[in-house]
Amino acid sequence: MSEKYRIGRIAALTGCSAETIRHYEKLGLLQKPARSAQGYRYYDHHALQRIGFIRHGRSLGLDLHSIQELLDLADNPDADCSAADAIATHHLLQLEKRITSLQALADELRQVVRQCRGGTTSECRIIQTLFEQQHEQANTGRTEKTDFRAGSAH
């Protein structure tokens with residue numbers, strides 16, 4: 001007979017809270033576990049492995065829908081794995097777009113930090129830059145800087 005785990009033990013083994021495990025059950029990512037006469041949930045080794053799979057998928061940034069699709073594929077070992085490849089490829093493309101966006105944000109912040117000259121906050125380029133917002137004018141293509149502290153454009 002395989003080992004059975006109560007929810008607190010499986011939570012400790014996986015690093016998931018009991019609440020998260022119950023949420024995964026509710027979403028169908030985990031099968032409903034067997035229950036004791038007293039109503040305690042008892043999970044088996046398969047559930048432990050699935051929670052590990054889910055946690056690893058989440059650590060890679062996969063959403064729960066994609067993880068469900070991958071688990072469905074894993075439950076059908078003779079299925080074509082092209083769907084798994086499509087899920088991973090799509091996620092990788094989204095991740096690369098996000099990295100590009102984050103790199104642009106880091107470049108902008110680096111530029112703002114370099115402009116810091118010290119002194120008082122009333123003269124601080126970091127604070128001034130954060131108060132300025134670039135607006136692209138739809139018809140003219142002109143950029144307008146608005147100083148929200150003063151409530152005027154300059």
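Positions are given from 1 along the sequence. Predicted, not measured: the structure shown is a model, and the values here were computed from it.
- The closest donor-acceptor contact from the side chain of Thr89 to the backbone of Ala86 lies at 3.5 Å or more, if one exists at all.
- At distances below 3.5 Å, not a single donor-acceptor pair connects side-chain atoms of Asp85 with backbone N or O atoms of Cys81.
- Annotation for Arg98: atom CZ does not count as buried by contact number, only 12 or fewer foreign heavy atoms lying within 6.0 Å.
- Counting only heavy atoms from C-beta outward, the side chains of Thr14 and Arg9 never approach each other to under 4.5 Å.
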For the pair Gln68 and Asp72, evaluate side chain to side chain donor-acceptor pair (under 3.5 Å) and give the outcome as yes or no after the intermediate values. CA-CA 6 Å; Gln68 178 65 63; Asp72 290 346; 2.7 Å; yes

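- The closest donor-acceptor contact from the side chain of Asp63 to the backbone of His65 lies under 3.5 Å.
- Around the CD atom of Gln94, the shell of radius 6.0 Å holds more than 12 heavy atoms that belong to other residues, nucleotides or ligands.
- Put simply, CG on Leu62 and CD on Glu69 are 10.5 Å apart, with the number rounded to the nearest 0.5 Å.
- Residue pairs meeting the side-chain hydrogen bond (donor to acceptor under 3.5 Å, both in side chains) criterion with at least one partner in residues 23-38, sequence neighbours excluded, are Glu25-Arg41, Glu25-Tyr43, Ser36-Gln38.
- The line from OH of Tyr5 to CD1 of Ile51 is 10.5 Å long, rounded to the nearest 0.5 Å.
- Using a 4.5 Å cut-off on side-chain heavy atoms (C-beta onward), Glu3 and Asp44 make no contact.
- Of the possible donor and acceptor atoms, one in the side chain of Thr100 sits under 3.5 Å from a partner among the backbone N and O of Glu96.
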